[in-house]
Novice: 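Attaching a single structure in structure tokens format; questions to follow.
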Number of protein chains: 2
Amino acid sequence: MASLAPQARDGAMRPLARSLLAVVARLQRQSGLTDTERDALLALPAHMTVIERGDHLVQEGKATDSCCALLAGFACRHRSTGAGQRQILAIHMKGDLVDLQNAGLGTVDYGVQALTAVTVAYIPRRALLKLAAEHPAIAKALWTDALIDASITREWLMNLGRRNAYQRISHLLCELAVRENHASLNDDGNFAVPLTQEQIGEVTGLTAVHVNRTIQRMRAEGFIRVAAQRMSIVDWPALVAAADFDRAYLHQPAGENGVPS
Amino acid sequence: MASLAPQARDGAMRPLARSLLAVVARLQRQSGLTDTERDALLALPAHMTVIERGDHLVQEGKATDSCCALLAGFACRHRSTGAGQRQILAIHMKGDLVDLQNAGLGTVDYGVQALTAVTVAYIPRRALLKLAAEHPAIAKALWTDALIDASITREWLMNLGRRNAYQRISHLLCELAVRENHASLNDDGNFAVPLTQEQIGEVTGLTAVHVNRTIQRMRAEGFIRVAAQRMSIVDWPALVAAADFDRAYLHQPAGENGVPS
DNA sequence: CGCCGGTTTGAGTCCATTCAAGAGGAGTGG
DNA sequence: CCACTCCTCTTGAATGGACTCAAACCGGCG
């Protein structure tokens with residue numbers, strides 16, 4: 001019953017974005033930009049493509065001279081241990097710059113994989129750096145983005161280090177709900193959970209079996225309701241409390257408050 | 001026997017740095033800077049102080065208009081769950097900018113505590129931002145620093161998510177050894193482990209008791225040797241293999257190779 | 001209709017935790 | 001100089017949360 005991601009056969013999901021608007025909107029929200037700066041960003045050369053679920057947007061270790069932005073769909077950063085155990089390091093959605101590290105350092109030490117079908121834009125690294133050098137505010141915006149990204153990673157570290165399975169999973173769900181809300185992705189109290197239980201395990205450092213049992217408990221206790229690929233949170237305050245969730249680490253500008261449903 | 005940090009009563013440790021040289025050296029190594037840029041950084045207004053072991057360099061949540069650089073000694077970033085469980089998020093040493101987030105976002109969502117007596121420099125946030133706006137290369141250097149910081153956090157995430165106690169602890173030790181080597185802090189194959197076993201637990205998401213048993217095993221197996229606050233690695237390649245350690249994530253410029261002893 | 005990816009369920013095991021107590025070294029005060 | 005305290009490390013025994021292995025189920029798809 002109630003599968004989380006019963007083959008993300010999309011269709012409705014098939015994305016069509018044709019400009020960097022989503023990215024600019026994101027930077028705008030985080031850092032504020034003048035019209036000049038927005039236009040400069042929108043004028044960046046970018047190569048748009050659609051990538052199927054399961055394929056990679058960015059290959060680990062592979063040197064590239066471009067930097068990838070996510071315009072629609074969901075993706076995840078991940079890396080594996082020598083023994084082949086995979087850890088998901090971040091989840092990305094519309095508007096995210098998935099490999100800013102690439103722009104800054106020239107290498108990525110992680111891969112980025114499509115969780116659903118996605119539209120992406122590849123921006124030449126040089127063009128981005130040039131823009132940053134010319135517009136201090138854009139440099140600052142990119143820096144800010146990297147700092148927020150790091151803040152989220154730290155919270156995940158807390159999650160793995162100090163919380164049990166139940167808390168880890170509910171924390172992840174809270175984060176997804178709030179972030180999707182912020183990116184205007186959720187409708188009527190539903191939000192996407194574009195992950196299989198196996199993948200939730202790869203986020204939370206648990207096995208798929210244990211994820212399954214834990215989610216069942218959450219359902220049984222009436223915290224959440226699950227429907228194909230989507231989820232709704234029945235008792236937001238209770239889930240937030242159980243998860244020890246405090247959205248401050250997301251550094252979203254004030255304005256939206258409380259329940260993301 | 002063989003305590004790891006039997007009261008870091010310092011003395012020999014008491015630091016005296018009077019300039020931002022250590023910080024500039026670090027940025028130089030990572031990003032390269034012209035003489036003009038170096039001079040500009042060194043000319044930054046900065047307030048230097050010594051802070052005792054256990055005291056805080058940066059208070060969680062507290063708004064400040066300055067940004068803290070570590071000139072000598074060791075410190076750690078940390079945050080606690082609602083239930084009061086503490087997680088250490090990063091370990092800092094000579095030359096590290098411990099709250100770049102403060103400069104970029106204007107808030108920190110973590111505290112920074114001295115692990116030994118430390119010398120720090122507080123740099124007015126505005127002065128730093130002004131410099132970054134004037135010198136694109138400095139902006140880029142700060143950005144790069146934030147990216148490397150994030151890369152380390154991601155590796156820690158891997159560590160907690162996918163490795164067992166033995167691997168987590170040895171991975172931490174490998175990282176300390178390599179980073180101290182890079183910051184020219186270790187002598188004759190010894191390196192500082194400025195953490196109590198309790199604190200190692202707070203880094204690795206383990207209890208002090210289990211850390212103790214695991215370290216004893218590592219000693220018994222002849223991988224490491226422990227002496228008050230310092231440690232030496234007997235069989236570096238073996239430890240690296242056991243820890244699944246790959247220094248790439250530290251993004252240290254090429255040059256130094258292999259064993260940090 | 002059979003295959004495939006994902007979810008569900010069961011039973012047994014183990015790594016790490018919890019609780020508790022002792023031991024050792026370093027500083028402190030009488 | 002000794003008693004006292006604090007902090008850290010050490011050890012033991014019992015418990016439990018999460019894992020492993022394995023099999024069954026389920027819906028969609030070719």
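In what follows, chains carry the letters A, B, and so on, assigned in the order in which the sequence lines appear, proteins first and then strands, with residues in each chain numbered from 1. Every value quoted in this text rests on a predicted model; they were computed, and no experiment measured them.
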Novice: Checking Asp246(A) against Arg79(B) for the salt bridge (charged side-chain N to carboxylate O under 4.0 Å, His left out) test, could you report, in this order, the C-alpha distance in whole Å, the side-chain angles of both residues, the deciding distance, and whether it holds?
Specialist: CA-CA 12 Å; Asp246(A) 176 355; Arg79(B) 185 161 52 194; over 6 Å; no

Novice: Whole Å only: how far is the CZ atom of Arg162(A) from the P atom of dG17(D)?
Specialist: 17 Å

Novice: Out of dC19(D), dA16(C), dT10(D), which has the shortest distance to the side chain of His210(B)?
Specialist: dA16(C)

Novice: Is the shortest side-chain N/O distance from Arg217(A) to OP1 or OP2 of dT8(C) below 4.0 Å?
Specialist: no

Novice: If we ignore angles and hydrogens, is there a donor and acceptor under 3.5 Å between the side chains of Asn212(A) and Gln216(A)?
Specialist: yes

Novice: Rounded to the nearest angstrom, tell me the gap between atom CD in Glu198(B) and atom C1' in dA16(C).
Specialist: 15 Å

Novice: Salt-bridge test for Arg162(A) and Asp244(A): reply yes if a basic N is under 4.0 Å from a carboxylate O, no otherwise.
Specialist: no

Novice: For the pair made of CD in Gln199(A) and P in dG5(C), what is the distance, rounded to whole Å?
Specialist: 13 Å

Novice: Under 4.0 Å: is that the gap between some side-chain N or O of Gln216(B) and OP1 or OP2 of dC9(D)?
Specialist: no

Novice: Does the base of dG10(C) carry an N or O that pairs as donor and acceptor with the side chain of Arg213(A) under 3.5 Å?
Specialist: yes

Novice: Whole-Å distance between dT17(C) P and Asn164(B) CG?
Specialist: 12 Å

Novice: Nearest whole angstrom, please: distance from the P of dG6(C) to the CG of Leu115(A).
Specialist: 11 Å

Novice: Let me spell it out: for each of Arg168(A) and Asn212(B), pick the nucleotide of DNA chain D with the closest heavy atom. Which residue's pick is nearer the 5' end?
Specialist: Asn212(B)

Novice: Output the rounded distance in Å from CZ (Arg163(B)) to P (dC15(C)).
Specialist: 18 Å

Novice: Figure out the CD1/P separation between Ile200(A) and dT8(C), and round it to whole Å.
Specialist: 11 Å

Novice: Given dG6(C), dA16(C), dC9(D), identify the nucleotide with an atom nearest to the side chain of Gln197(B).
Specialist: dC9(D)

Novice: Need one value for Gly201(A): base, sugar-phosphate or nothing, where a base atom within 4.0 Å counts as base even if backbone is also close, heavy atoms only.
Specialist: nothing

Novice: Taking atom types as modelled, is there a side-chain donor on Arg77(B) or Gln101(B) under 3.5 Å from an acceptor on the other?
Specialist: no

Novice: Would you say Thr207(B) places a side-chain N or O within less than 4.0 Å of OP1 or OP2 belonging to dT17(C)?
Specialist: yes

Novice: Taking only the side-chain heavy atoms of Val209(A) (C-beta and beyond), determine which of dA16(C), dT20(D), dT7(C) contains the nearest atom.
Specialist: dT20(D)

Novice: Take atom CD of Gln85(B) and atom C1' of dT17(C), then tell me their distance rounded to the nearest Å.
Specialist: 11 Å

Novice: Please assess His78(B) against His56(B) for the test ring-ring contact (aromatic ring centres under 6.0 Å, His included), listing each intermediate value before the final yes or no.
Specialist: CA-CA 11 Å; His78(B) 62 93; His56(B) 276 79; 5.1 Å; yes

